[in-house]
Q: 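The following block contains the structure, expressed as structure tokens.
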Amino acid sequence: MGNRPIKVRFAPSPTGDLHVGNIRTALFDWAYARHTGGIFLFRIEDTDRSRVTDEYIAAAIDTLKWLGLSWDEGPEVGGPHGPYLQSQRLDIYSEWADRFIKQGDAYYCYCSPDELEARREAQKESGQAPGYDGKCRSISDEDLARYRAQGREPVIRMRMPEGSTTFTDVIRGECTFDHNFVPDFVLVRADGSPLYTLAVAVDDVLMEVTHVLRGEDLLSSTPRQIRVYQAMGVKAEDYPLFAHLPFVMGTDNAKLSKRNGETSIAWYREQGFLPEAICNYLALLGWSPGDDRENLTLKELTELFTIERVNSNPARFDMKKLENINGDKIRALTLDDFYQWSLPFLQKAKVVATPITNEQESVVRQALPIIQERLIKLSEIPGMLAFLFTEKVDLDPDSVAKYLDGDAKGIISKAIEVLTPLSTWSHEAIDGALRAALIEQMGLKPRLAFSAIRVAITGSHISPPLFESMEILGRERVLARLAAI
RNA sequence: GGCCCCGUCGUCUAGCGGCCUAGGACUCUGGCUUCUCAAGCCAGCUACGAGGGUUCGAAUCCCUUCGGGGCUACCA
């Protein structure tokens with residue numbers, strides 16, 4: 001790699017919303033670039049335009065931004081090696097493909113998909129390793145004439161020489177692949193469009209990528225990339241360093257994918273997971289700082305992250321642990337940040353107006369501190385605070401049955417009696433007055449007495465702290481709700 | 001089938017030949033606290049897949065085996 005600055009690339013193929021596995025890779029790419037003071041390059045691999053859509057590309061860009069994984073080269077920010085969408089670099093790839101043909105590294109292959117399929121089947125049946133048999137490595141003039149007469153359009157195939165490819169994977173050590181199991185592969189489709197196999201290698205070289213950290217599924221395609229480097233005339237010491245990251249798997253032991261569990265980052269965003277929690281949790285999937293630290297900020301992650309500390313074994317995604325970390329991160333929020341994160345959730349649930357009124361903002365700001373430590377996800381906020389923004393509460397039938405039947409009338413009327421003349425409307429005063437009347441005077445169990453009031457005020461026997469809630473709600477509405485029982 | 005990767009508590013992991021009667025975190029269980037729910041605090045359960053070696057000594061090194069996963073496309 002000579003003396004080039006470290007450059008790490010994240011190059012997803014957005015055939016859907018970015019998922020947990022993608023993001024873990026992006027996070028490691030980003031963290032390593034930041035750790036080394038290198039460049040983080042973001043490239044879109046959209047050579048398969050039948051599967052990649054503009055919406056998915058836009059969503060990928062948005063997701064990375066939302067997570068705070070900023071890139072130095074790539075879409076929107078540009079850079080010296082753009083464009084960073086492979087679909088905009090088509091002539092570059094075809095030039096290289098032509099050159100490979102001229103050099104004899106690649107050749108035109110006229111075999112049709114059906115023929116290929118049939119021969120693969122035959123190989124399997126005879127116990128051979130399936131793969132391209134090299135038929136078109138040399139074509140007779142008459143065959144060529146016949147194919148052309150038939151109107152067949154050739155693909156361009158890379159010639160894999162005899163021998164093997166050995167490279168050092170930073171995570172897995174030395175890897176060797178015998179070329180008997182790396183068949184000649186297609187670089188360019190019959191319609192002239194490039195494949196990943198061509199584009200990925202060409203771009204990594206042209207964009208001066210020094211480190212390729214990517215999913216383990218690409219491990220066995222590495223020899224093909226190296227083959228392209230060779231055809232491009234890149235010296236071995238200038239190949240990027242490879243590090244194949246272990247999978248993030250779903251709970252059912254399959255590779256985490258769109259069909260397996262909640263994997264789309266968009267879903268986590270809607271649920272109210274904080275970017276920092278997602279990154280913190282994902283960082284722990286396949287990597288650890290080496291000590292017992294687990295709660296890390298993004299900054300700490302960049303300081304501590306090295307490829308050497310990445311595990312080689314796959315990790316299972318554990319929602320419970322993510323939730324735990326998310327709760328920690330929410331608790332660590334300043335009131336102002338907490339407010340900013342909460343607002344969209346409150347507005348989406350129509351608990352507050354859009355734009356929020358001054359009065360509502362004031363209530364939200366008072367109420368957030370009392371729910372902050374009991375949240376797992378931001379999406380729980382509207383449900384917890386809704387009772388503060390309605391005229392009449394919806395009484396939960398189960399709660400009513402449990403706490404508002406029987407002698408509740410007495411509790412409620414006593415509460416009204418002592419709260420009405422209360423001189424200072426503060427949670428301390430409310431607490432004191434109710435405790436004196438209900439617990440000391442009437443001799444009731446706190447749990448029973450306060451639960452009755454809680455249900456009357458909030459609608460449920462589960463709520464934020466009662467006295468604080470009553471203070472925020474205001475005397476008028478508290479008394480009205482009590483009177484309504 | 002072939003090639004490749006991987007294998008420490010239920011889960012994520014620490015461990016890189018003696019500090020390990022295996023540590024931490026999440027989960028779970030019990031308790032404390034308590035106006036509910038949380039949070040917090042304390043305690044507890046639970047692991048080196050198996051079998052051979054190497055060595056004075058192995059979770060750590062080697063081999064075999066079993067198990068899991070990936071690749072085997074004109075997807076990436």
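Just so you know, these numbers use all the heavy atoms, side chains as well, and skip hydrogens, waters and symmetry mates.
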Q: According to a strict under-4.0 Å criterion, is A:S288 in side-chain N/O contact with OP1 or OP2 of B:rA14?
A: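 True: A:S288 side-chain N/O within range (under 4.0 Å) of B:rA14 OP1/OP2.
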Q: Looking at B:rU13, I'd like to know if its phosphate oxygens (OP1 or OP2) sit under 4.0 Å from a side-chain N or O belonging to A:R316.
A: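 Indeed not, no polar side-chain atom of A:R316 lies that close.
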Q: Looking only at side-chain atoms of A:I462, point me to the closest of B:rU36, B:rC6, B:rC75.
A: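 The answer is B:rU36, which lies nearest to the side chain.
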Q: State whether A:R447 places a side-chain N or O below 4.0 Å from either non-bridging phosphate oxygen (OP1 or OP2) of B:rC35.
A: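 For B:rC35, OP1/OP2 do not have a side-chain N/O of A:R447 under 4.0 Å.
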Q: Could you please name the option among B:rA76, B:rG69, B:rU36 that lies closest to any side-chain atom of A:R51?
A: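 The answer is B:rA76, which lies nearest to the side chain.
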Q: According to a strict under-4.0 Å criterion, is A:N313 in side-chain N/O contact with OP1 or OP2 of B:rC12?
A: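 Answer is no, no contact under 4.0 Å.
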Q: Where do A:F185 and A:V228 land on the side-chain contact (heavy atoms from CB on, under 4.5 Å) test, with the steps shown first?
A: CA-CA 11 Å; A:F185 56 97; A:V228 177; 4.1 Å; yes
Q: Scan every strand shown for a Watson-Crick or G-U wobble partner of B:rA43, both distances under 3.5 Å, and answer none if you come up empty.
A: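 Per the H-bond distance test, B:rU29.
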Q: Just compare B:rC26, B:rU36, B:rA76 and give me whichever is closest to any side-chain atom of A:P465.
A: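 Per side-chain heavy atoms of A:P465, the pick is B:rU36.
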Q: So, is A:R435 near the phosphate of B:rC35, with a side-chain N or O under 4.0 Å from OP1 or OP2?
A: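 Affirmative; the distance criterion is met.
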Q: Look at the rings of A:F42 and A:W71 and say which category their plane angle falls in: under 30° parallel, 30 to 60° tilted, over 60° perpendicular.
A: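 A:F42 and A:W71: perpendicular rings.
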Q: Across all strands, who's sitting opposite B:rA22 as a Watson-Crick or G-U wobble pair, both distances under 3.5 Å?
A: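 None - no nucleotide pairs with B:rA22, as no candidate has both distances under 3.5 Å.
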Q: When you measure from the side-chain N and O atoms of A:R120 to the phosphate of B:rA73, is any distance below 4.0 Å, counting only OP1 and OP2?
A: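 A:R120 to B:rA73 OP1/OP2: side-chain N or O found under 4.0 Å.
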Q: Go through the side-chain N and O atoms of A:S463 and A:R454 and say whether any donor and acceptor fall under 3.5 Å apart.
A: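 A pair is found: one side chain offers a donor N or O, the other an acceptor, under 3.5 Å apart.
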Q: Taking a pair as Watson-Crick or G-U wobble with both distances under 3.5 Å, which nucleotide is matched to B:rG1?
A: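 Matched B:rG1 with B:rU72 under the 3.5 Å cut-off.
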Q: Hey, does the side chain of A:T47 come within less than 4.0 Å of B:rA76's phosphate (OP1/OP2), counting only N and O?
A: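 Yes, within the criterion.
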Q: So if I take every side-chain heavy atom of A:L284 and compare against B:rC71, B:rC12, B:rC74, which nucleotide ends up nearest?
A: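 Nearest nucleotide to the side chain: B:rC12.
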Q: Let me spell it out: for each of A:P314 and A:P194, pick the nucleotide of RNA chain B with the closest heavy atom. Which residue's pick is nearer the 5' end?
A: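 This one resolves to A:P314.
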Q: Among the candidates B:rA76, B:rA38, B:rC4, find the nucleotide nearest to the side-chain atoms of A:L219.
A: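 The answer is B:rC4.
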Q: Taking atom P in both B:rU64 and B:rC26, what distance in whole Å separates the two?
A: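 Per the computed distance, 40 Å lies between those P atoms.
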Q: Could you let me know what B:rA38 is paired to, Watson-Crick or G-U wobble, both distances under 3.5 Å, or none if it's on its own?
A: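 Matched B:rA38 with nothing under the 3.5 Å cut-off.
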Q: Does a side-chain N or O from A:N324 land closer than 4.0 Å to OP1 or OP2 of B:rC12, or not?
A: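 So the side-chain polar atoms of A:N324 never come under 4.0 Å of the phosphate oxygens OP1 or OP2 of B:rC12.
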Q: Would you say A:R309 reaches B:rC16's phosphate, i.e. side-chain N/O to OP1/OP2 under 4.0 Å?
A: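 No, because none of the side-chain N or O atoms of A:R309 sits under 4.0 Å from OP1 or OP2 of B:rC16.
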Q: Rounded to the nearest angstrom, tell me the gap between atom CG in A:D217 and atom P in B:rA73.
A: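 A:D217 atom CG is separated from B:rA73 atom P by 15 Å.
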Q: Choosing from B:rU36, B:rC74, B:rC35, which nucleotide comes nearest the side chain of A:S463?
A: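 Out of B:rU36, B:rC74, B:rC35, the nucleotide with an atom closest to A:S463's side chain is B:rU36.
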Q: Which whole-number value in Å describes the distance from A:Y281 OH to B:rC12 P?
A: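 Rounded to the whole Å, the gap is 8 Å.
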Q: Looking at B:rC74, B:rA38, B:rU13, which one has an atom nearest to any side-chain atom of A:P113?
A: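 Looking only at heavy atoms from C-beta outward on A:P113, the closest nucleotide is B:rC74.
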Q: Does A:V186 or A:C175 map to a spot on RNA chain B nearer the 5' end, using the closest nucleotide for each?
A: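 In this pair, the answer is A:C175.
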Q: Taking atom types as they are modelled, would you say the side chain of A:E294 forms a donor-acceptor pair with the base of B:rG24 within the 3.5 Å cutoff?
A: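 Looking at the base of B:rG24, it does pair with a donor or acceptor on the side chain of A:E294 (distance under 3.5 Å).
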